[in-house]
Each structure stands twice: as structure tokens, then as C-alpha cells.
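Right, one structure below, let's go through it.
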Protein chains: 2
Amino acid sequence: MNSRNEIINAACQVFAKLGFRGTTTRRIADAAGVNEVTIFRQFGSKEALIREAMKMTHSVGLAPLPDVPSDPERELTLWSESFLQHLRLRSSIIRKTMSEMEERPEMSEHASYVPRQASADLCHYLAALKRQGKTAEKFEPKTAAAMLMGAIFADAMGRGMMPDVYPQPEEKAAQMYTRFLLKALGVENHAPRTTNKTKRTKQLSA
Amino acid sequence: MNSRNEIINAACQVFAKLGFRGTTTRRIADAAGVNEVTIFRQFGSKEALIREAMKMTHSVGLAPLPDVPSDPERELTLWSESFLQHLRLRSSIIRKTMSEMEERPEMSEHASYVPRQASADLCHYLAALKRQGKTAEKFEPKTAAAMLMGAIFADAMGRGMMPDVYPQPEEKAAQMYTRFLLKALGVENHAPRTTNKTKRTKQLSA
DNA sequence: TGTGTAAGTAAGTGACTACTTGCATTTGCG
DNA sequence: CGCAAATGCAAGTAGTCACTTACTTACACA
């Protein structure tokens with residue numbers, strides 16, 4: 001049963017580098033330190049193995065956003081940073097998945113889980129912010145969320161290829177996008193009455 | 001000499017659908033209505049043909065942005081719409097190119113031409129806007145440009161997979177992103193004194 | 001000690017891959 | 001017409017692909 005996990009991990013790594021067609025059972029077996037025949041005995045086919053592997057890699061949780069906003073700049077910045085980091089760590093496999101989706105639509109189901117969740121969370125938070133009356137400008141949460149997430153997504157996908165196009169330094173990018181968003185919403189950027197010191201922003205992973 | 005172009009076009013179409021490894025010389029020949037051998041006589045190798053094809057598809061121009069801003073909302077909306085349309089029309093091939101870039105870095109040279117140009121144009125325009133004193137807020141042109149372009153890019157790449165995550169209706173998306181940007185810059189959204197009627201926003205294609 | 005299960009080994013199958021060769025046919029042009 | 005370049009056609013080469021079969025080895029447990 002250990003070889004099973006080794007094979008799945010190896011499949012993920014090879015897939016992230018070479019995509020579906022480049023991921024041969026031979027390469028997976030080598031990467032897993034396992035005989036090629038074992039793959040077919042365990043999973044039946046390459047297709048089934050990749051399906052299994054995709055199920056695993058795309059099922060992770062995100063940093064949470066509080067239900068009731070208290071320090072928007074701080075909370076949104078932390079969330080943006082964790083989202084950006086999540087995408088950066090997985091940029092290779094995300095690129096491959098987006099590329100294969102048209103040919104293998106069943107992949108999109110798992111692949112879209114994280115961004116869907118992120119969008120829902122962010123929209124919910126922004127709507128709460130609006131309801132609180134903390135925003136000076138009128139805005140549509142969905143558009144605002146699409147702007148912030150789009151900027152973060154594009155940064156994660158594109159900075160490696162064109163570093164000069166994205167804001168510097170890299171580590172402050174999430175913060176800069178967040179501040180930009182808040183400016184558009186008309187949220188004043190000073191912290192609120194500081195009653196809460198440490199906020200829980202643990203990373204979930206399932 | 002006509003078959004040469006047919007082969008290049010076919011190669012682009014097949015590549016956009018199936019990526020490098022899925023683009024077999026057999027499939028290209030079929031799509032071009034040409035014998036497989038002709039491909040090798042014309043281009044020498046599949047590798048060389050794809051290189052040639054990528055050179056073609058990625059060398060297009062964008063809608064221009066005026067050097068001196070006059071009606072920011074109108075001008076930026078038109079630009080955003082044309083940029084979004086450009087990305088949408090090429091979303092398949094862009095996905096494939098992004099996916100193959102790590103394995104074939106020479107592709108990124110051509111692929112990054114359009115977004116680099118777009119970013120430079122937009123930054124230049126936003127800087128001019130700032131210099132004109134039309135913006136109420138302080139901002140970094142590069143960050144602002146990354147936000148708008150990121151939102152547009154993510155829309156073009158992701159709306160097909162998750163339509164409910166992006167603002168509706170689809171045709172107004174570019175406008176909404178643009179308005180959001182202008183709000184963050186503190187640009188008041190009414191048109192200026194209307195001295196100029198028709199603005200030149202022709203599509204260049206080289 | 002015997003038995004079942006997971007794994008390795010070796011060999012092979014048929015389909016597909018990029019690419020080549022040799023020869024017949026078409027096409028454009030002076 | 002006559003010639004040459006471009007193309008089609010048929011066949012073949014060497015390699016890789018996913019996947020199978022038949023057999024052996026290693027280990028757990030009773």
C-alpha cells in the first residue's frame with residue numbers, strides 16, 4: 001500500500017513537468033522507484049492513475065477570512081499572501097491542468113475547486129465589509145474579487161516569464177494588490193481600535 | 001509556396017488544440033490537406049515547423065492608447081475591451097504555450113511579446129494620467145497596470161471554466177474592470193469637455 | 001511449514017511517432 | 001514543347017507508447 005502513494009506522488013511530479021502526454025508510465029515508474037507493471041496492477045491504466053493523482057493534488061484548503069471583518073487591510077493582505085503563495089507553489093501543475101482541460105474536461109472539476117472557494121470566500125468578506133459601512137465607494141463584490149484574484153493569479157502565472165511587468169519586490173506584491181483594492185473600495189487604511197492582537201489564519205490542508 | 005502557409009496555419013490550429021506532443025506531423029498534414037512528406041521537405045522537422053508557426057501567431061499588434069489622455073474612461077475601456085478580446089480569441093493557444101514554456105523556453109520569447117507591450121503601453125498611459133493631475137490618489141502605475149491586466153487575463157483564461165466567478169454580463173466585463181481601476185486612481189468618471197469626437201483606435205496587425 | 005498477496009523480471013504486442021527513400025505525377029514557366 | 005521544382009504516394013526504419021502475459025521472488029501470517 002506504500003507503493004500506491006509513491007506512484008501517485010511520482011505521477012503528480014511528472015505531470016507537473018510534462019503534462020499528460022509527456023507523463024509516460026515508464027517515467028512514473030522510474031520516479032516512484034517502482035516497476036512499471038506495478039502501476040497497471042494498482043491502477044489499471046495510466047488514465048485512471050492520473051485521475052487519482054489529480055483528485056489528491058487539487059484538494060487543499062485555503063487560509064480563512066473572518067466572517068466579520070475587523071482589520072480589512074491586515075486580513076485581506078494575509079489572505080492574498082497565502083493565496084498567491086498557494087498558486088506560486090503549484091504554478092507548474094496549474095499551467096498543465098489549464099492546458100489539458102479542453103481535452104480532458106473531467107480535470108476541471110477538481111482544478112476549479114480552490115479558485116471557486118477562494119472567490120466565494122472573498123466575495124462573502126467584501127459583502128460583509130460593505131454591509132458594515134466601512135467602504136466609501138459603491139462596488140460589486142464579484143468585480144472587486146475578480147480584480148484582486150485576477151491580479152494575484154496573473155502574478156503567479158506570469159512573473160517567472162516577465163518579472164519586469166509585475167510590481168517589485170515580489171514579496172510585497174500581494175500587499176500592494178490588496179492596498180490597491182482597498183483604495184478602490186474607499187476603505188481608509190489605518191488599523192481599527194486594536195482590541196484583537198493575533199488573528200487566526202492557519203493553513204488548512206485536507 | 002501556398003502549401004507552406006497552409007501547413008503553418010494547420011500547425012497553429014492543431015497546436016492550440018493538442019499542444020506540442022499532441023501535434024503530430026500526421027495530424028498537421030491531414031488538417032492542411034497535404035502529404036506528410038511535404039512538411040519535412042518544407043520545414044525539415046516538426047520542431048522547426050512549430051517554431052515558425054509560433055513566430056507567426058504571436059506577432060500581432062494591440063489597440064493603441066493615446067499618448068496624452070483625454071477621456072480616460074472611454075480610452076481605457078476601449079483598450080481593455082480589445083485586450084480582453086485578443087486574449088479570448090487566443091485562449092487555447094495561450095494556455096498551451098504557457099504550459100509548454102518550461103519545457104521549451106524559446107517559446108516564451110514570442111509569447112511574451114504582446115503582454116509586455118500591453119503592460120508598457122498601459123503603464124505609460126497611467127503615468128501620463130498621473131502627470132496631468134487627473135488622479136486624486138497616489139498610485140504606482142505598474143501595480144495599477146498589473147491589476148487591470150491581471151483581471152483581464154484571468155477573465156480570458158478562467159471564465160470558460162467558471163462563468164459564475166466572473167462579473168456578468170461577459171460583454172461588460174472589460175468596462176467594469178476599467179471603472180474599478182479608475183475608482184482606485186480617484187479619477188472622476190464623467191467625460192471631459194467634448195472637443196474630440198472620434199478617437200483613433202484602429203487595430204494594428206503585423 | 002504452507003499459503004496468499006504484493007512486488008519484481010523479462011519478453012512481447014500492436015499501435016503510433018518522427019523522419020527517410022525512391023519513384024511517379026503535377027505544375028508553372030521560358 | 002521541355003524542363004525543373006514542388007508535390008503525391010508507398011514503403012520502410014528505428015524508436016516509443018500503453019498494456020499484457022507468464023513466471024519468479026519476498027514477506028506476512030496461521
Side-chain angles (χ1 to χ4, degrees), chain A residues 1-57 92-93 96-97 99-107, chain B residues 1-57 92-93 96-97 99-107:
Chain A
M1 286 295 147
N2 194 17
S3 69
R4 190 162 232 273
N5 293 330
E6 302 238 36
I7 292 170
I8 289 184
N9 285 341
C12 285
Q13 285 169 14
V14 178
F15 178 88
K17 265 194 191 165
L18 303 172
F20 187 87
R21 265 183 257 264
T23 301
T24 67
T25 52
R26 182 97 181 81
R27 278 196 261 249
I28 297 172
D30 286 353
V34 133
N35 194 282
E36 202 179 342
V37 191
T38 306
I39 291 173
F40 292 98
R41 283 200 271 243
Q42 287 276 0
F43 299 92
S45 73
K46 167 184 161 179
E47 180 99 26
L49 163 57
I50 302 286
R51 226 185 346 259
E52 201 85 2
M54 293 300 103
K55 217 184 294 177
M56 303 297 292
T57 45
S92 276
I93 205 166
K96 262 62 175 193
T97 308
S99 167
E100 314 270 355
M101 263 175 15
E102 290 155 278
E103 228 183 310
R104 296 176 174 69
E106 72 276 9
M107 273 192 182
Chain B
M1 285 300 146
N2 195 15
S3 68
R4 189 161 232 274
N5 293 330
E6 303 238 35
I7 291 170
I8 288 184
N9 285 342
C12 286
Q13 285 169 15
V14 179
F15 178 88
K17 265 194 192 165
L18 303 173
F20 188 87
R21 265 183 259 262
T23 302
T24 67
T25 51
R26 183 95 179 81
R27 278 196 260 251
I28 298 171
D30 286 353
V34 132
N35 195 281
E36 202 178 340
V37 194
T38 306
I39 290 173
F40 293 98
R41 285 200 269 242
Q42 286 277 0
F43 299 92
S45 74
K46 167 185 160 177
E47 180 97 24
L49 163 58
I50 301 287
R51 230 190 336 264
E52 201 85 1
M54 293 301 102
K55 216 184 294 176
M56 304 298 293
T57 46
S92 276
I93 206 167
K96 262 62 173 193
T97 309
S99 168
E100 314 268 353
M101 262 175 17
E102 292 155 277
E103 226 181 312
R104 295 175 175 63
E106 74 275 8
M107 273 192 182

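Keep in mind it's a predicted model, so treat the numbers as computed, not measured. Basis for what follows: all heavy atoms, side chains included, without hydrogens, waters or symmetry-related copies. Chain A is the first sequence line, chain B the second, and so forth, proteins listed ahead of strands; every chain is numbered from 1.
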Fill in: Test side-chain hydrogen bond (donor to acceptor under 3.5 Å, both in side chains) applied to A/R41 - qualifying residues, sequence neighbours left out
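By the side-chain hydrogen bond (donor to acceptor under 3.5 Å, both in side chains) rule, A/R41 matches no residue at all.
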Discussion item. So, using side-chain hydrogen bond (donor to acceptor under 3.5 Å, both in side chains) as the criterion, who are the partners of B/N9 when residues are at least two apart?
Written reply: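 Testing B/N9 for side-chain hydrogen bond (donor to acceptor under 3.5 Å, both in side chains), a comparison that skips the adjacent residues, returns none.
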Item to complete: State whether the number of non-hydrogen atoms from other residues, nucleotides or ligands found under 6.0 Å of B/R26 atom CZ is greater than 12.
Response: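 Counting neighbours around CZ of B/R26, 12 or fewer heavy atoms of other residues, nucleotides or ligands fall under 6.0 Å, so no.
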Any side-chain heavy-atom pair of [X] and [Y] under 4.5 Å:
X	Y	result
B/E47	B/I50	no
B/I39	B/Q42	no
A/R51	A/F43	no

What's the [atom1]-[atom2] distance between [X] and [N], to the nearest Å?
X	N	atom1	atom2	answer
B/R26	D/dG8	CZ	C1'	13 Å
B/D30	C/dA18	CG	P	12 Å
A/I50	D/dC17	CD1	P	14 Å
A/F43	D/dC19	CZ	C1'	16 Å
B/N2	D/dA6	CG	P	14 Å
B/I28	C/dC19	CD1	P	10 Å
B/R27	C/dA15	CZ	C1'	13 Å
A/Q42	D/dT20	CD	P	15 Å

Worksheet item: Of all the nucleotides listed (C/dG8, D/dC9, C/dA18), which has the minimum atom distance to the side chain of A/N35?
Response: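 Output: C/dG8.
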Worksheet item: So how far is it from A/I28 CD1 to A/I7 CD1, rounded to the nearest 0.5 Å?
Response: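 These two atoms lie 8.5 Å from each other.
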Practice prompt. Check DNA chain C against residues 11-24 of chain B and give the residues with a non-hydrogen atom under 4.0 Å, in numerical order.
Written response: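 The answer is B/T23, B/T24.
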Discussion item. With a 4.0 Å cutoff (strictly under), does any side-chain N or O of B/T38 reach OP1 or OP2 of D/dT7?
Written reply: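 For D/dT7, neither OP1 nor OP2 has a side-chain N or O of B/T38 closer than 4.0 Å.
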Practice prompt. Using the side-chain contact (heavy atoms from CB on, under 4.5 Å) rule, take A/E102 and B/K96 through it: C-alpha gap first, then chi angles, then the decisive distance, then the call.
Written response: CA-CA 10 Å; A/E102 290 155 278; B/K96 262 62 173 193; 2.9 Å; yes
Item to complete: Rounded to 10°, tell me the angle between the two end axes of the helix from C/dT1-D/dA30 to C/dG30-D/dC1, each built from five pairs.
Response: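 Answer rounded to 10°: the end axes differ by 10°.
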Worksheet item: Can you list every pair that meets salt bridge (Lys or Arg N to Asp or Glu O under 4.0 Å) and has a residue in residues 8-25 of chain B, with sequence neighbours left out?
Response: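 Every pair satisfying salt bridge (Lys or Arg N to Asp or Glu O under 4.0 Å) with a residue in residues 8-25 of chain B: B/R21-B/E103.
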Fill in: Polar side-chain atom of A/K46 near backbone of A/F20 as donor-acceptor pair, under 3.5 Å
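Yes, because the side chain of A/K46 sits within donor-acceptor range (under 3.5 Å) of the backbone of A/F20.
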Item to complete: Look at the side chain of B/Q13 and the backbone N and O of B/A31, then say whether any donor-acceptor pair between them is shorter than 3.5 Å.
Response: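 Flag not set: sc B/Q13 to bb B/A31 has no pair under 3.5 Å.
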Practice prompt. At under 4.0 Å between heavy atoms, which parts of nucleotides 20-30 of chain C does protein reach? Answer with one letter per nucleotide, 5' to 3': B base, S sugar-phosphate only, - none.
Written response: BBB--------
